[in-house]
Amino acid sequence: MIKITDIDTDRQTGAGSGRCVRCALWAMPLGLLLGGCGGDGIETLQVPKEEPRAAPAEGPAATAGADDPQARMGLTALPGMAEQAEAFPAPEMIAPAHWAAQAAGSMRKGSWLIADAYGHSADMSVLAFPGDVGGLRANLDRWNEQIGNSSLDDAAYAAILRDGSRDIGGEPGVVVFLRGQAGQSTLGAIVAQGGGTWFFKMMGDTELVEQEQALFGSFLDSVTFH
Amino acid sequence: MRSLFLFFSSLWLTIVLLALSILLVFFGTLDQVHWGIYEAQKRYFETLLAVWHYPPQWPLAQYLKGFWIPLPGGYLLGALLVINLLCAHFRYFRPHIRKTGIVLIHGGVVLLIISGFLTSWLQQESQMILSEGGPPVHYSIDYRAYELVLIDRSNPQHDSVTTIPLAMLYDGGELELPGLPLALRTHKVVENAGIGLRSNIIKHYEDLLAMARRPDSPVQFSAREMASVERILAAMRDSNALVVGTHGDVLLDKRGLQLRGFADRMDGVVHQRPPTFKEDEANMPAVVLEISGPEHSLGTWVLSTGLVGDIPPQFVTLGDQEWEIALRFKRRYHPFSLQLLKFSHDRYPGTDIPRNFSSLVVIDNPQTGEHRQTLIYMNHPLRYEGLTFYQASFADEDTTSILQVVRNPGWLAPYIAITLVGVGMTVQFMIHLIGYLGRRRTTP
């Protein structure tokens with residue numbers, strides 16, 4: 001057995017021992033001080049412009065999307081939503097030739113980028129959500145909000161129902177052109193089908209969206225649900 | 001004072017501290033299975049006091065579930081070891097050239113322990129996600145931290161982002177925002193939640209119950225689990241329930257709240273979930289937040305890191321001012337950007353075994369005028385502006401590169417410490433060896 005003894009106990013000077021203990025005592029509040037550092041508070045930063053999330057990106061269960069932590073982390077924060085959206089098969093659609101097809105996803109059934117020679121661009125998407133997603137008026141208000149407009153009043157909503165009703169893929173739907181205040185507009189159609197709600201939406205520079213109205217109508221004529 | 005010094009310089013104390021360190025590592029390793037490495041590190045090593053509880057999955061848990069063992073945490077043990085080493089050094093050490101190696105070894109050990117403290121306090125980790133052909137990225141994302149943001153996009157040159165750490169919202173009181181005519185009041189925060197449309201969540205659980213009740217179902221629920229799902233369903237069917245607890249209790253009712261945005265327009269609802277501690281998962285917190293202007297409340301919003309994808313952004317408006325509001329993973333902005341030109345995933349010929357991952361990126365720094373390419377690959381990180389960028393992972397069929405971004409001001413300290421210990425051991429060994437050889441030569 002090894003016996004450990006405290007050697008040289010009679011050779012310590014008070015100055016040396018006191019210096020060491022003082023060093024130790026200084027270390028502790030320093031440690032506490034450092035431990036309290038690094039806390040985050042409220043900050044205001046000026047950062048380079050980012051694209052606002054006006055055009056819906058990929059759904060949470062999709063694998064695309066560089067800033068989608070859920071797909072990367074293997075999470076599904078919207079229970080059932082993405083899986084139910086996958087149950088809506090993409091309809092047959094014939095897009096104009098100059099619409100550049102983009103990657104689709106579980107809820108985004110079709111995606112195109114439209115551009116013209118004058119630098120105008122627009123995003124065209126076909127989305128499906130299970131259920132009524134809050135209803136027609138709430139979604140039209142959402143579209144208005146995205147382009148800086150205020151909510152529809154009763155007269156405007158009634159006018160849309162009166163003038164915008166049309167058949168989409170054999171189901172009664174609504175088509176609407178919403179002119180925004182800041183150079184962006186939305187041309188869209190909403191139709192209920194198969195237990196869900198389909199959104200056909202073109203959003204972008206007003207000049208381009210206006211020009212595409214006729215082709216948008218032809219596109220809607222080509223929609224065939226399964 | 002003298003007795004205190006004798007106590008702190010005692011070799012018995014050294015043995016006791018080392019034995020406690022072994023116990024701490026042992027119990028921390030046991031609990032890491034349940035809590036995950038990150039949480040176990042916080043509970044056992046980045047604390048003054050740790051407590052180990054008898055795991056419920058162990059045998060005899062029904063009798064021992066209240067049994068717990070307190071232990072000094074890593075911070076306390078580390079501090080005491082440093083004090084013990086310094087005191088013992090001053091007590092026993094007599095300056096002599098033959099003790100040079102011991103001084104170096106002691107210095108290296110002290111520096112090693114201190115570097116552990118520094119890393120624990122100062123290190124920040126985040127991830128930068130770059131896509132081939134994508135835009136330059138000037139921030140990295142910390143998936144262990146969360147922030148509420150209000151973004152003013154009115155300036156054509158830049159966005160003004162006000163960030164509030166989620167931790168500040170837990171207090172529940174009124175929070176004034178400096179520089180903004182807004183104040184916040186939290187009605188509810190949940191650490192981890194699912195969030196979605198009420199109708200979808202109801203259908204999800206109805207389908208789950210229907211499947212579980214089928215005799216041939218692969219999903220088998222216990223009676224308690226079935227009862228829990230039924231309670232959740234009942235709570236979700238209450239149109240006034242806004243935040244539903246893990247087991248179906250209504251944590252927050254929407255009556256009296258002027259709901260705006262997602263919760264109002266899409267009948268959104270929050271379902272609390274148990275927090276996750278798995279390394280490859282992140283908690284998705286949700287907050288029910290009331291925002292007020294100078295004169296009155298502007299409304300209440302439900303925000304969550306789970307509101308991504310096709311859920312549109314939410315806004316708060318005051319007069320002619322508008323802010324996008326969101327709860328997101330914390331972003332660490334940098335004064336430079338990286339842009340991914342090419343991600344390469346090399347495999348050994350004829351196999352799927354990865355040989356190398358590399359990212360060819362462009363560094364663009366307006367402050368220094370730098371604009372250059374550099375290659376980041378395995379074991380060759382990019383060290384730039386006090387940050388280290390490691391090639392960590394990839395996604396999207398080899399078109400997205402994920403870099404681990406580490407800020408650790410004390411990163412050199414462990415290398416210096418190990419070098420000191422190594423040099424000290426070599427010096428001390430050589431001193432003894434030379435002395436021994438000298439004595440052998442003089443011995444007849």
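These figures come from a predicted structure and were not determined experimentally. The chains referred to below are lettered A, B, ... by the order of the sequence lines, with proteins before strands, and numbering in each begins at 1.
Closest non-hydrogen pair, A:Asp141 versus B:Arg265, comes out as CB-NH1, 3.2 Å. Minimum heavy-atom separation, A:Pro48 to B:Asp159: O-OD2, 4.1 Å. Of all non-hydrogen atoms in A:Gly41 and B:Pro165, the two that sit nearest each other are O-CD, 3.5 Å. Here the closest heavy-atom approach between residue B:His158 and residue A:Val47 is recorded as CB-O, 3.3 Å.
Looking at B:Asn155, only its backbone comes within 4.5 Å of chain A, counting heavy atoms on both sides. Contact of B:Pro135 with chain A is not made at all, since no heavy-atom distance falls under 4.5 Å. Of the atoms belonging to B:Glu46, not a single heavy atom falls under 4.5 Å from chain A.
Looking only at side-chain heavy atoms (C-beta outward), B:Val161 and A:Thr44 stay at 4.5 Å or farther from each other. Between A:Ile42 and B:Met168, some side-chain heavy-atom pair lies under the 4.5 Å cut-off.
Residues passing the side-chain hydrogen bond (donor to acceptor under 3.5 Å, both in side chains) test with B:Glu322: none are found, sequence neighbours excluded. A search for salt bridge (charged side-chain N to carboxylate O under 4.0 Å, His left out) contacts involving B:Asp267 returns B:Arg198, B:Lys254, not counting sequence neighbours.
Between the CD atom in A:Gln46 and the OH atom in B:Tyr333 there is a gap of 12.5 Å [rounded to 0.5 Å].
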